[in-house]
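For reference, the structure discussed in these notes is given below.
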Protein chains: 2
Amino acid sequence: MRRASQPEGSRRSTIREVAALAGVSVATVSRILTGTYPASPATRARVLRAAEELDYVANAHARSLAGTASRSVAIVINSVISPHYAHVAQGVEAQATAEGRLCLIGTTGGDPKRELAMVKHMREQNAEAVILVGNVVADDDYRDRMRQYAQALSAVGSRLVLCGRRPLGPDVPAVVVEYDNAGGAFAATSHLLSAGHERILFLGRRPGYTTAEGRLDGYRKALTAYGLPLDPGLEVEGMMEWNEGYRMMKQRLLAGPPDFTAVFAINDLIAGGAHRAMAEHGIQVPRDVSMVGFDDLPPSPDIGLTTVHLPHEEIGRIAVRLALEHAGQGGEPPHVVLGTHLVIRDSVRPRVQ
Amino acid sequence: MRRASQPEGSRRSTIREVAALAGVSVATVSRILTGTYPASPATRARVLRAAEELDYVANAHARSLAGTASRSVAIVINSVISPHYAHVAQGVEAQATAEGRLCLIGTTGGDPKRELAMVKHMREQNAEAVILVGNVVADDDYRDRMRQYAQALSAVGSRLVLCGRRPLGPDVPAVVVEYDNAGGAFAATSHLLSAGHERILFLGRRPGYTTAEGRLDGYRKALTAYGLPLDPGLEVEGMMEWNEGYRMMKQRLLAGPPDFTAVFAINDLIAGGAHRAMAEHGIQVPRDVSMVGFDDLPPSPDIGLTTVHLPHEEIGRIAVRLALEHAGQGGEPPHVVLGTHLVIRDSVRPRVQ
DNA sequence: ATCCTTTCTGTATCCGTTTTCGGAAACTTT
DNA sequence: AAAGTTTCCGAAAACGGATACAGAAAGGAT
């Protein structure tokens with residue numbers, strides 16, 4: 001209402017101005033606004049009125065400088081358009097807000113250098129927790145520096161959190177939130193095996209990436225448990241993206257008729273791309289080929305994909321919760337491993353002999 | 001390396017400590033670290049070494065308090081798991097980083113109250129720009145307060161940006177980034193009409209929501225332009241979500257056989273849900289029913305959907321760019337309207353008589 | 001009425017930077 | 001060698017809010 005057309009660049013009103021208008025000291029204003037102290041109803045009302053009058057907004061930076069925590073939580077993530085990451089980010093943001101924290105976000109595109117830079121940036125912002133999500137290919141230098149960051153953050157009462165990646169080592173003060181990639185992949189592959197499939201194409205091999213390695217591991221273990229040999233020719237390398245799924249399958253089908261009766265896609269995006277590529281070759285799921293994915297995210301419902309469910313949003317929420325809970329006290333930081341379960345839709349049929 | 005196991009709660013090192021170690025004044029350290037001033041190579045090296053030695057990290061809050069801009073940009077968004085929003089957010093983050101800014105993020109779930117609260121929060125953080133994305137149902141009180149926020153932000157050299165929603169009024173200092181909903185819907189509907197379809201189901205009517213209204217408008221205009229009557233019975237109400245698309249179509253099909261030969265879904269998520277529902281009733285796209293969507297996002301490639309392309313990420317990038325460019329000078333804030341184009345896939349066939 | 005609590009409020013300091021202003025040192029030029 | 005430029009550096013004052021400490025006011029008990 002008032003200060004309707006302030007000239008460009010005019011400062012915003014300060015606690016001192018509010019104090020002056022209300023006829024009290026800055027200390028009183030501060031206490032009333034932060035709810036530190038039970039002021040008398042009269043002054044309280046006067047101060048609130050004055051603040052309203054001047055459109056007073058506290059300066060979070062000044063507040064944080066004066067000694068209180070920054071009340072912010074940072075998430076550093078591969079990208080925000082990939083469904084898995086988006087859901088984790090959503091969880092982080094929701095929990096952060098629920099705990100009265102602001103959410104800072106930075107993306108890395110999976111580049112360790114950018115990740116390191118982002119963590120530094122978040123450190124400058126005094127984030128109460130820095131949550132790292134997703135895989136990176138970590139060389140020794142990276143691991144050293146990240147350990148150092150973990151130490152530094154912990155030293156100032158903050159916390160580093162690792163989501164969906166391997167811990168940095170035994171004595172590194174970082175919270176870890178993992179999930180059972182190998183177990184989920186084992187269940188998914190077993191599901192195909194128990195339907196009689198023996199030649200199962202694995203889509204999305206990616207050495208060096210924790211998630212990919214874990215899922216490949218589960219796939220192999222399941223085959224072995226069924227007494228089947230491992231065929232390296234069935235393990236196709238590619239990134240966890242729709243286009244890659246399309247590419248991998250297209251390439252395979254262009255080379256000749258399918259030499260498999262089922263597909264285990266390392267995530268649902270890859271499943272979606274492969275599904276499309278097969279459709280273009282007249283191959284229908286599950287009529288001609290059975291398929292299982294991983295994630296229980298779009299596009300799995302669109303194509304009726306049986307897949308492994310992961311509590312994506314929960315991962316983000318837990319990360320925030322644990323970090324904030326644990327930030328104060330010392331001791332061993334928490335390490336949780338979340339379970340998975342199979343979601344049956346309609347992409348698997350018993351193999352016809 | 002050093003300070004390997006600091007006790008809990010120890011403060012981080014300050015510019016003063018760096019200055020002391022390097023044997024210079026804090027002013028010199030500040031200048032060297034921010035690159036303000038060409039210090040002599042010798043002192044420069046000494047300061048850098050000292051900073052490294054102490055693992056010095058600047059305190060962004062103190063820096064911002066001391067008078068420089070906060071170097072942060074805020075995005076306030078409906079959710080981050082919906083593909084459209086996720087892409088816009090990605091664009092914002094990317095551009096913010098490119099311009100040396102940190103990205104603050106907050107979600108609202110489409111609730112105007114939460115949006116208002118978030119903007120206030122971002123104002124406390126001194127964000128250099130506050131970018132609002134997506135529709136809300138705005139009552140008068142909301143519009144008043146948002147106008148006031150726009151004024152207040154502008155008064156301190158920041159900027160409010162409105163993405164994909166109607167401007168707040170003529171004299172409100174807010175940057176606006178819109179896109180041509182009506183035009184895109186007109187093109188999409190015309191595409192179906194020119195294939196001979198006359199009974200086109202509109203999925204996703206939502207009075208009060210700018211985007212929904214714009215697209216409905218384009219749909220109607222196209223019908224009228226083709227000399228066809230408007231049939232309210234063909235306009236189905238629902239939210240812009242996959243589940244809603246599924247629900248709307250399921251309900252329709254449960255009520256009886258299709259009384260339409262084509263579908264215009266207001267976005268690709270709805271198209272995906274409807275596609276699935278039809279599949280469950282043995283109705284294939286495009287064999288039995290033609291369909292067009294809007295967004296050119298997942299799951300459109302999965303189901304081969306012809307759809308209207310929107311430069312989602314670009315919207316976010318432009319928002320940041322314009323806000324930052326314009327933040328300094330006064331004058332009329334920019335207002336851009338982005339165009340759309342049809343992406344032809346394989347979900348439309350000529351109507352068989 | 002006096003003393004003791006309890007409740008409320010004000011003064012002054014500090015948080016960690018940037019930045020203005022002035023001074024010293026190092027070169028140039030004559 | 002003196003004067004004039006540059007170039008580099010330091011002292012100190014902000015920035016806006018929280019809080020320790022002390023003091024005033026109000027309320028209760030004697």
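Note that these values count all heavy atoms, side chains included, but never hydrogens, waters or copies made by symmetry. Proteins come first, then strands; the chains are lettered A, B, ... in the order of their sequence lines, and each starts at number 1. This structure is a prediction, so every number in the text was calculated from the model and none was measured.
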Overall bend of the helix from C:dA1-D:dT30 to C:dT30-D:dA1 (five pairs an end, 10° steps) is 30°
*OP1 or OP2 of D:dC8 under 4.0 Å from side-chain N/O of B:T28*: no
side-chain contact (heavy atoms from CB on, under 4.5 Å) filter on A:L48, not counting sequence neighbours, yields A:I32, A:L33, A:R44
For B:R321, the side-chain contact (heavy atoms from CB on, under 4.5 Å) test, sequence neighbours excluded, returns B:Q95, B:E99, B:E314, B:I318, B:E325
Rounded to whole Å, CD of A:E17 lies from P of D:dG16 at a distance of 8 Å
By side-chain contact (heavy atoms from CB on, under 4.5 Å), A:A50 pairs with (sequence neighbours left out) A:V18, A:L21, A:A22
B:R31 meets the side-chain contact (heavy atoms from CB on, under 4.5 Å) criterion, sequence neighbours left out, with B:A27, B:T28, B:T36, B:Y37
> If you look at every strand shown and take non-hydrogen atoms under 4.0 Å, does A:S64 touch a base, only sugar-phosphate, or nothing?
Replying inline: nothing
A:R46 atom CZ is separated from C:dT9 atom C1', nearest whole Å, by 11 Å
Just list the side-chain donor-acceptor pairs under 3.5 Å for residues 136-143 of chain B, sequence neighbours left out, or say none.
{"unit_1": "B:D139", "atom_1": "OD1", "unit_2": "B:D141", "atom_2": "N", "d": "3.4"}
{"unit_1": "B:D139", "atom_1": "OD1", "unit_2": "B:Y142", "atom_2": "N", "d": "2.8"}
{"unit_1": "B:Y142", "atom_1": "OH", "unit_2": "B:E115", "atom_2": "OE1", "d": "2.2"}
{"unit_1": "B:Y142", "atom_1": "OH", "unit_2": "B:R165", "atom_2": "NH1", "d": "2.9"}

Are any of B:S25's side-chain N or O atoms less than 4.0 Å away from OP1 or OP2 of D:dA11? no
Contacts of A:R166 meeting salt bridge (charged side-chain N to carboxylate O under 4.0 Å, His left out) (sequence neighbours excluded), chain-then-number -> A:E213
Find every protein N or O atom lying less than 3.5 Å from an N or O atom of nucleotides 15-18 of chain C, and list the pairs.
{"unit_1": "C:dC15", "atom_1": "O2", "unit_2": "A:L65", "atom_2": "O", "d": "3.3"}
{"unit_1": "C:dC15", "atom_1": "O2", "unit_2": "A:A66", "atom_2": "N", "d": "3.4"}
{"unit_1": "C:dG16", "atom_1": "OP1", "unit_2": "B:R11", "atom_2": "NE", "d": "3.2"}
{"unit_1": "C:dG16", "atom_1": "N7", "unit_2": "B:R16", "atom_2": "NH2", "d": "3.3"}
{"unit_1": "C:dT17", "atom_1": "OP1", "unit_2": "B:Y56", "atom_2": "OH", "d": "3.0"}
{"unit_1": "C:dT17", "atom_1": "OP1", "unit_2": "B:N59", "atom_2": "N", "d": "3.4"}
{"unit_1": "C:dT17", "atom_1": "OP2", "unit_2": "B:I15", "atom_2": "N", "d": "2.7"}
{"unit_1": "C:dT17", "atom_1": "O5'", "unit_2": "B:Y56", "atom_2": "OH", "d": "3.1"}
{"unit_1": "C:dT18", "atom_1": "OP1", "unit_2": "B:R63", "atom_2": "NE", "d": "2.7"}
{"unit_1": "C:dT18", "atom_1": "OP1", "unit_2": "B:R63", "atom_2": "NH2", "d": "3.3"}
{"unit_1": "C:dT18", "atom_1": "OP2", "unit_2": "B:S30", "atom_2": "OG", "d": "2.4"}
{"unit_1": "C:dT18", "atom_1": "O5'", "unit_2": "B:S30", "atom_2": "OG", "d": "3.4"}

Taken to the nearest whole Å, CZ/B:R123 to P/D:dG16 is 15 Å
For residues 47-76 of chain A, the ring-ring contact (aromatic ring centres under 6.0 Å, His included) pairs (sequence neighbours left out) are A:H61-B:H61
Correct closest heavy-atom pair for B:S72 and B:L104 would be OG-CD1, 4.0 Å
